[in-house]
Amino acid sequence: MPITILIGAQWGDEGKGRFVDWLAKSSDIVARYAGGDNAGHTVAIDEDVYKLHLIPSGVFHDDVVSIMGNGMVVNPVNLVKEIKGLQAMGVEITPERLLISSRAHIITPAHIALDKAKEIARGDEAIGTTLRGIGPAYLDKTGRAGIRMGDMLLDVESFAERLYSAIERTNETLVQQGMERLNPQEVALDYLDAAAFLKPFIVDTSIYLYKALREGKKVVCEGAQGTLLDIDHGSYPFVTSSSPTVGGALTGLGVGPTDVERVLGVAKAFSTRVGGGPMPTELDGPVADKLRGTGENFWDEYGTTTGRPRRCGWLDIVMLRYAVSVNGFTEMMLTKMDILSGLDELKLAVAYEVDGERMVYPPVTNEQLSRATAIYETLDGWQEDISGCRTFDELPEAAQVYVQRIADLCEVPINSVSVGPERDQLVLKS
Ligand code: IMP
């Protein structure tokens with residue numbers, strides 16, 4: 001069957017982009033199904049490092065069509081900047097190679113201003129959003145007040161009118177919260193320019209996908225964010241407002257489940273999280289500093305979108321087990337194994353203790369989660385540099401044991417492990 005869905009198994013930033021780029025080699029279409037420019041997917045090709053926020057990570061393959069699905073929320077002005085930036089780096093982006101769903105919702109400056117206002121109002125309880133307007137845009141979508149990419153195909157006046165009234169509606173809330181009003185005219189001009197540029201790219205991507213699947217084309221569905229940031233299944237309310245999990249791929253692209261062959265979970269070999277919310281395996285001190293890196297390298301643990309340092313900790317099997325159950329992974333991939341080289345020992349959180357009870361799946365409430373103590377299993381570390389390994393057998397024995405133990409605890413096979421940022425730095429199990 002032609003569909004592979006690739007999903008982040010943790011709190012986002014698992015390194016999904018490099019695996020999508022790898023899968024794209026043997027696919028016809030790469031389609032993103034959720035989120036917006038809160039995401040940051042980094043793909044390293046030779047000397048160049050590309051940071052994508054909206055455009056799917058298959059875009060570097062000439063014969064792959066990229067789709068931005070209806071489940072996404074799109075800031076059109078930022079999308080135009082991203083397209084032009086990639087074009088300037090020599091990446092060919094044409095309406096034949098990039099298709100944007102007419103049903104994807106538009107993020108307006110009003111959403112961005114509201115995101116900020118809400119975070120300020122939350123005070124100590126702030127979610128730590130990326131301030132890209134994601135939550136307010138999805139709120140307008142579910143509140144049936146959103147503007148969609150397809151509305152850009154209308155005549156200029158009608159589209160401008162929709163924007164004006166959306167901005168004016170938000171201005172009332174902004175003023176109530178002591179924030180500055182937005183100038184609808186100024187905003188509309190930028191958005192009208194973006195609309196003129198993007199029009200040729202906007203189509204009904206669900207029908208396009210249906211026809212392509214009937215022709216036997218291979219499709220990779222690219223997840224953004226991660227399972228634990230899912231609006232339903234994540235650690236609510238410290239989540240994003242979309243569905244990065246498996247169901248979101250189907251709704252966010254308008255495809256049926258009968259074509260799905262594989263559901264791949266990507267997990268980093270340790271845990272990271274940005275923004276607020278409990279993280280039971282979080283570390284503070286030299287191990288966390290080693291995992292995070294200094295920020296000098298693009299692969300260090302600093303947000304691609306916001307530049308914020310990420311919280312780092314040991315790998316949390318309790319959360320991974322949960323991600324397996326929510327998504328039904330058929331296989332998992334591990335990223336950034338090379339970063340663990342040089343540690344004497346490694347820990348895996350195999351269970352939590354919460355109020356005296358041992359739990360192998362996360363508790364439902366954040367209050368309980370914040371009282372969870374991780375119960376660790378300790379494994380030997382390895383000292384060797386593994387960045388040159390290409391087969392599983394070449395990995396030091398302790399690294400092989402680490403990977404196999406994770407697979408056993410999650411009851412899902414792990415056949416691919418990344419050992420560096422470059423395209424070819426992959427260890428594959430034969
Ligand atoms: P929002 O998606 O900007 O509303 O942010 C909600 C939460 O999701 C915050 O904790 C963000 O840090 C987190 N988040 C959103 N996108 C990403 C991502 O791509 N990687 C990691 N965390 C993210």
Side-chain angles (χ1 to χ4, degrees), residues 7-14 33-40 71-73 105 107 110-146 170 173-174 176-177 179 223-248 251-252 271-282 303 305-306 308-313 316 318-323 325-327 352 354-355 359 361-372 374:
I7 294 170
Q10 296 157 310
W11 280 285
D13 308 318
E14 296 91 352
Y33 58 84
D37 58 346
N38 47 350
M72 292 186 69
V73 283
H105 277 247
I107 295 181
H111 294 136
I112 296 170
L114 275 180
D115 200 357
K116 193 168 166 201
K118 286 181 179 194
E119 280 289 85
I120 292 171
R122 286 185 191 111
D124 289 347
E125 302 290 304
I127 291 166
T129 74
T130 58
L131 301 178
R132 298 293 162 120
I134 305 295
Y138 278 113
L139 199 61
D140 267 353
K141 172 179 172 171
T142 50
R144 294 163 289 188
T170 307
T173 317
L174 289 178
Q176 278 164 14
Q177 301 201 2
M179 312 268 298
Q225 287 78 46
T227 300
L228 305 172
L229 291 174
D230 187 277
I231 184 76
D232 286 280
H233 304 290
S235 31
Y236 192 89
F238 298 101
V239 292
T240 190
S241 299
S242 65
S243 301
T245 49
V246 69
T251 355
S271 300
T272 62
R273 180 169 197 178
V274 266
M279 180 181 174
T281 65
E282 185 168 9
T305 302
T306 60
R308 290 180 290 179
R310 296 181 186 139
R311 301 155 69 191
C312 295
D316 190 335
V318 181
M319 291 295 181
L320 275 192
R321 224 182 249 128
Y322 175 67
S325 76
V326 168
N327 295 297
Y352 298 154
V354 185
D355 304 332
M359 303 182 83
Y361 287 103
V364 174
T365 68
N366 273 307
E367 287 70 23
Q368 284 176 302
L369 190 59
S370 58
R371 291 198 301 276

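Since the model is a prediction, treat every value here as computed from it, not as a measurement. Just so you know, residue 1 is the first one in the sequence shown, and it goes up from there.
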Quiz item: What's the verdict on side-chain contact (heavy atoms from CB on, under 4.5 Å) for L114 and L174, showing C-alpha distance, side-chain angles and the deciding distance?
Solution: CA-CA 7 Å; L114 275 180; L174 289 178; 4.2 Å; yes

Exercise. Working to the nearest 0.5 Å, report the span between CE of M319 and OG of S271.
Key: 8.5 Å

Quiz item: What is the distance from atom CE of M72 to atom OG of S242, rounded to the nearest 0.5 Å?
Solution: 9.5 Å

Quiz item: NE2/H111 to CG/L139 distance, rounded to the nearest 0.5 angstrom?
Solution: 8.0 Å

Please report, to 0.1 Å, the donor-acceptor pairs under 3.5 Å made by any side chain of residues 123-133, with sequence neighbours excluded.
{"unit_1": "T129", "atom_1": "OG1", "unit_2": "D115", "atom_2": "OD1", "d": "3.1"}
{"unit_1": "T129", "atom_1": "OG1", "unit_2": "L131", "atom_2": "N", "d": "3.1"}
{"unit_1": "R132", "atom_1": "NH2", "unit_2": "T305", "atom_2": "O", "d": "3.2"}

Quiz item: Under a 4.5 Å cut-off applied to non-hydrogen side-chain atoms, are P136 and K116 in contact?
Solution: no

Quiz item: Are any of the side-chain nitrogens in R122 or E119 under 4.0 Å away from the carboxylate oxygens of its partner?
Solution: yes

Practice problem: Work out which heavy atom in T240 is nearest to a heavy atom in P244; give both atom names and the distance. | Solution: CG2-CG, 4.4 Å

Self-check item: For R310, all residues meeting salt bridge (charged side-chain N to carboxylate O under 4.0 Å, His left out), sequence neighbours excluded
Solution: D13, E301

Practice problem: Might you point out which heavy atoms bring G12 and L229 nearest each other, and give the distance in Å? | Solution: N-CD1, 4.2 Å

Exercise. Before giving the answer on side-chain contact (heavy atoms from CB on, under 4.5 Å), spell out for I231 and Y236 the whole-Å C-alpha distance, their side-chain angles and the decisive distance to 0.1 Å.
Key: CA-CA 7 Å; I231 184 76; Y236 192 89; 4.0 Å; yes

Quiz item: Does the pair M359 and V318 meet the rule for a side-chain contact (heavy atoms from CB on, under 4.5 Å), with working shown?
Solution: CA-CA 8 Å; M359 303 182 83; V318 181; 6.0 Å; no

Self-check item: Modelled atom types, side-chain donor and acceptor of N327 and T227, under 3.5 Å
Solution: yes

Quiz prompt | Reported CD1-to-CG distance for the pair I107 and D37, which is rounded to 0.5 angstrom | solution = 5.5 Å

Practice problem: Would you please name every residue forming a salt bridge (charged side-chain N to carboxylate O under 4.0 Å, His left out) with D140, sequence neighbours left out? | Solution: R169

Exercise. Over all heavy atoms of both residues, which pair between A34 and A224 is shortest? Give the atoms and the distance, please.
Key: O-CB, 3.9 Å

Exercise. Measure across Y138 and G71 and return the closest heavy-atom pair with its distance rounded to 0.1 Å.
Key: OH-O, 2.7 Å

Quiz item: Do N38 and Q225 have side-chain atoms, one donor and one acceptor, less than 3.5 Å apart?
Solution: yes

Exercise. Please report the shortest heavy-atom distance between S235 and W11, naming the atom on each side.
Key: OG-NE1, 3.5 Å

Quiz item: Which value, rounded to the nearest 0.5 Å, describes the distance between S241 atom OG and I134 atom CD1?
Solution: 8.0 Å

Practice problem: Please indicate whether K118 has more than 12 foreign heavy atoms, meaning atoms of other residues, nucleotides or ligands, lying under 6.0 Å from its NZ. | Solution: yes

Quiz prompt | Test log, rule side-chain contact (heavy atoms from CB on, under 4.5 Å), inputs Y352 and Q368 | solution = CA-CA 10 Å; Y352 298 154; Q368 284 176 302; over 6 Å; no

Practice problem: Report the distance from atom CE of M279 to atom CG of D316, rounding to the nearest 0.5 Å. | Solution: 8.0 Å

Quiz item: What closest approach, in Å, do A9 and E14 show between heavy atoms, and which atom pair accounts for it?
Solution: N-OE2, 3.4 Å

